[in-house]
4 protein chains.
Amino acid sequence: MRKQPRQKRSREMVEALVDATATVLAERGLDHTTTNHIAEAAGVSVGSLYQYFPDKEALVEALLERMIRDVTRTFNRTLGEMNPGHMALDELARNAITVGLAALRANPLHLELIRNWHRLPVSGPLDQLEQYFLTAGRLYFLEQFREHPVDNLPARLYVLINSTVFTLARFLGQDPPMMRERAVVDALVDTIVGAFAVRD
Amino acid sequence: MRKQPRQKRSREMVEALVDATATVLAERGLDHTTTNHIAEAAGVSVGSLYQYFPDKEALVEALLERMIRDVTRTFNRTLGEMNPGHMALDELARNAITVGLAALRANPLHLELIRNWHRLPVSGPLDQLEQYFLTAGRLYFLEQFREHPVDNLPARLYVLINSTVFTLARFLGQDPPMMRERAVVDALVDTIVGAFAVRD
Amino acid sequence: MRKQPRQKRSREMVEALVDATATVLAERGLDHTTTNHIAEAAGVSVGSLYQYFPDKEALVEALLERMIRDVTRTFNRTLGEMNPGHMALDELARNAITVGLAALRANPLHLELIRNWHRLPVSGPLDQLEQYFLTAGRLYFLEQFREHPVDNLPARLYVLINSTVFTLARFLGQDPPMMRERAVVDALVDTIVGAFAVRD
Amino acid sequence: MRKQPRQKRSREMVEALVDATATVLAERGLDHTTTNHIAEAAGVSVGSLYQYFPDKEALVEALLERMIRDVTRTFNRTLGEMNPGHMALDELARNAITVGLAALRANPLHLELIRNWHRLPVSGPLDQLEQYFLTAGRLYFLEQFREHPVDNLPARLYVLINSTVFTLARFLGQDPPMMRERAVVDALVDTIVGAFAVRD
DNA sequence: CATGAATGAGTATTCATTCAT
DNA sequence: AATGAATGAATACTCATTCAT
């Protein structure tokens with residue numbers, strides 16, 4: 001009973017530290033994110049930071065995991081509302097891209113993480129997120145294209161997911177942009193749709 | 001007259017330093033590349049390095065520029081030999097992807113640069129390379145699809161180029177790979193072809 | 001009346017903390033012994049630790065004092081049983097060395113303390129132990145060598161006690177040992193005996 | 001030819017750093033000796049320190065090695081002057097102890113190193129010094145006691161060397177001293193002599 | 001009194017850059 | 001021009017001690 005508040009404070013501290021990690025990462029970039037900065041941003045001492053996380057990696061890992069939880073949760077909720085079963089592929093794709101683009105723009109953190117995927121302390125969470133989208137896509141297609149099963153489906157989805165994500169990241173990283181946003185979104189949608197168009 | 005040899009030595013030194021940068025970058029990765037390593041690999045002193053380049057960034061920038069020169073040159077030559085005008089899009093795409101994949105695997109440098117594109121000192125050279133491919137693609141399509149002009153061509157090419165490059169980089173960065181190579185290449189080719197398939 | 005239990009608890013706490021100090025010191029060595037480890041080993045909080053001891057030094061000091069109490073007590077009891085008055089010097093020396101060696105091997109704590117005598121918070125307790133052995137030795141010799149009083153007795157004992165203790169500590173600290181154990185024990189015994197042999 | 005001054009400077013820097021290590025170690029003790037202190041004492045930056053020594057351990061190791069070189073050299077020279085072949089054991093022992101005691105008093109460094117022998121980064125140098133004295137003692141005894149070969153000679157020397165060194169260290173560490181210096185020296189000499197006295 | 005979360009000065013080590021020779 | 005020794009700010013992490021609850 002006495003332990004509740006303690007655990008709560010603990011959870012709050014962990015939360016605050018992960019928040020701070022996100023903030024500092026978004027503001028200064030992975031390269032210039034130091035444990036002292038994170039502690040300062042969280043309003044605590046470095047010592048406290050190390051009471052909750054064994055090292056810097058663990059902080060980033062926790063952030064990744066939380067982010068993935070949030071993304072999948074948001075995605076699931078959005079999907080439920082969108083009722084994608086009744087939605088054409090192009091509409092679905094456009095929605096997803098628009099939402100994703102807005103999210104990336106709203107939070108520089110995601111952009112920074114995508115850009116630095118290969119330097120992240122653990123590859124697990126990222127692969128996990130990829131898997132999640134792969135599975136989600138697979139379910140959608142199994143239902144929608146029951147009549148015309150798609151050849152090589154997992155690989156196609158793998159390509160499309162990575163294509164979309166990294167192309168958006170690249171697009172957002174260009175200042176001034178090399179293309180008009182509308183054109184890029186259109187092209188992405190067309191690419192996705194084209195990849196599943198029935199061909200003889 | 002006395003200046004010739006000086007300029008020649010100068011050019012040789014610059015060349016050697018850029019070579020060394022490439023070597024060290026490929027061997028140790030951007031994160032673990034130090035100016036001292038580069039100077040050592042070039043067989044000169046750090047002091048000399050700083051005589052020719054104002055800082056570390058400038059070295060990487062020079063490397064990027066040279067690489068882009070080389071890539072475009074190689075590409076131009078290869079295109080001339082392939083005579084792509086007589087090649088179907090799928091064949092062309094498969095060739096390009098296969099060659100690109102082999103090149104990335106053969107030289108870790110390119111993979112490292114692609115992965116770190118957002119940390120590269122200048123965006124100019126990279127954008128330039130993108131432009132080059134964009135233009136090359138545009139020419140090909142203008143010739144091939146004269147009858148069925150493609151809507152939104154630049155953006156489509158932009159998407160496809162980035163998709164291909166970053167998806168390959170992501171694929172090569174996964175160990176163990178999440179997909180079989182053959183499947184990924186097939187899916188990439190299909191995606192490219194699909195993006196230009198005539199649809200009503 | 002209320003004070004009794006408080007004092008009792010207090011004594012128990014102090015005891016537990018000193019026990020914990022001994023355990024941790026033996027397990028991790030003086031260098032890697034932290035107050036948090038000690039508190040944890042004692043099953044109390046660091047805060048409590050600091051309620052009973054002003055700082056880390058005080059803990060070690062208390063441990064030293066207790067250890068000295070124990071050692072002298074044990075020694076007194078053993079002496080009583082051995083009846084050393086009827087024992088030749090070489091037999092006595094060999095017994096003492098054998099027992100001491102076994103004790104040092106059995107409990108890494110003592111070895112650790114001997115090795116770090118100069119870093120121990122207070123010299124008092126250690127000097128006290130030395131004094132104790134000095135006095136014990138003096139009594140023995142006064143009785144045994146009544147006929148041939150030994151010149152310079154205290155200093156001789158001082159030298160022999162320190163010689164024996166530190167040589168054993170040094171011997172146990174060498175891995176692989178530089179000498180065979182049997183040879184070292186023999187030499188120590190001979191040294192002790194030789195130091196009191198009648199010479200003209 | 002150009003390399004001479006460079007190598008000379010290098011040697012001087014190494015020397016200065018080892019000197020500084022000795023100074024700081026003597027002044028602050030092993031525990032409070034930091035690389036920054038050493039660099040400061042040497043009048044250089046930490047960076048320079050790390051250009052000449054891979055880590056802190058290497059510095060202490062170098063110091064140990066130099067010290068052992070100095071000690072053995074001094075000992076050899078002194079022995080040559082003393083002509084120990086014509087010296088009685090007690091005279092020799094008294095000389096050695098007096099000289100050793102003076103040296104330890106003159107330079108707190110040696111005292112600090114002896115006290116911390118078990119924490120020194122490498123045991124090699126110390127064992128080496130021990131071996132040196134062992135061998136030196138052996139040679140002396142083989143010559144002097146040709147008629148009455150000593151039983152168990154190496155172990156006896158081992159015991160006497162460690163006894164003398166650590167007893168002196170202990171004696172010097174006590175303030176106020178527990179015994180008069182003269183008495184301790186006498187007792188040490190007697191102990192050494194007694195250990196080789198012919199007994200039946 | 002007990003708790004243990006919080007503190008923050010302190011430690012070894014790295015590396016881009018400078019500058020005396 | 002060339003050298004490479006020297007610099008020192010920066011970084012991740014530890015641990016004795018304090019203090020709000």
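The sequence lines fix the lettering, A, B, ..., with proteins before strands; numbering per chain opens at 1.
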Could you give the CZ-to-P distance, from B:Phe53 to E:dT18, as a whole number of Å?
16 Å

Spacing of CG belonging to D:Leu64 relative to CG belonging to D:Leu129, to within rounding of 0.5 Å:
9.5 Å

Starting at atom CD of A:Glu12, determine the distance to atom P of F:dT21, rounded to an integer number of angstrom.
13 Å

Qualifying residues under side chain to side chain contact (heavy atoms under 4.5 Å, CB included), relative to A:Glu112, sequence neighbours excluded:
A:Leu25, A:Leu30, A:Arg115, A:Asn116

Kindly write out the residues that satisfy side chain to side chain contact (heavy atoms under 4.5 Å, CB included) with D:Thr34, not counting sequence neighbours, or none if the list is empty.
D:Asn36, D:His37

Euclidean distance, atom CG of residue D:Leu49 to atom P of E:dA12 [Å, nearest integer]:
10 Å

The side chain to side chain donor-acceptor pair (under 3.5 Å) partners of A:Gln174 (sequence neighbours excluded) come to B:Asp127, B:Glu130, B:Tyr158

Which heavy atom of D:Lys56 sits nearest to which heavy atom of D:Thr33, and what is that distance?
NZ-O, 2.9 Å

Protein-nucleic acid N or O pairs under 3.5 Å, nucleotides 14-16 of chain F:
unit_1	atom_1	unit_2	atom_2	d
F:dA16	OP1	C:Lys56	NZ	3.1
F:dA16	OP2	C:Thr35	N	2.9
F:dA16	OP2	C:Thr35	OG1	3.2

Rounded off to whole Å, could you give me the CG-to-C1' distance for the D:Leu17 and F:dT7 pair?
14 Å

Starting from C1' on F:dT7, measure out to CD on D:Glu40 and report it in whole angstrom.
15 Å

Stem segments of DNA chain E by first residue number [Watson-Crick or G-U, under 3.5 Å, at least 3]
E:2-21 with F:2-21

Using the test side chain to side chain contact (heavy atoms under 4.5 Å, CB included), find all partners of A:Phe53 that sit at least two apart in sequence or belong to another chain.
A:Val14, A:Leu17, A:Val18, A:Ala58, A:Leu59, A:Ala62

For residues 23-47 of chain B, which residue pairs pass the salt bridge (charged side-chain N to carboxylate O under 4.0 Å, His left out) check, not counting sequence neighbours?
A:Arg119-B:Asp31, B:Asp31-B:Arg119

Among residues at least two apart in sequence or on other chains, which ones pass side chain to side chain contact (heavy atoms under 4.5 Å, CB included) with C:Glu57?
C:Asp55, C:Pro121

Residue set satisfying side chain to side chain donor-acceptor pair (under 3.5 Å) with B:Ser48, at least two apart, ordered chain then number -> B:Ser45

In whole angstroms, the gap separating P of E:dT11 from CD of D:Glu57 amounts to 17 Å

Would you indicate, yes or no, if E:dG8 has its OP1 or OP2 atom less than 4.0 angstrom from a side-chain nitrogen or oxygen of A:Ser45?
no

Can you measure C:Met13 atom CE to E:dT3 atom C1' for me and round it to whole angstrom units?
10 Å

Applying a 4.0 Å non-hydrogen cut-off, can you work out what A:Tyr52 is touching in the nucleic acid: base, sugar-phosphate, or nothing?
sugar-phosphate

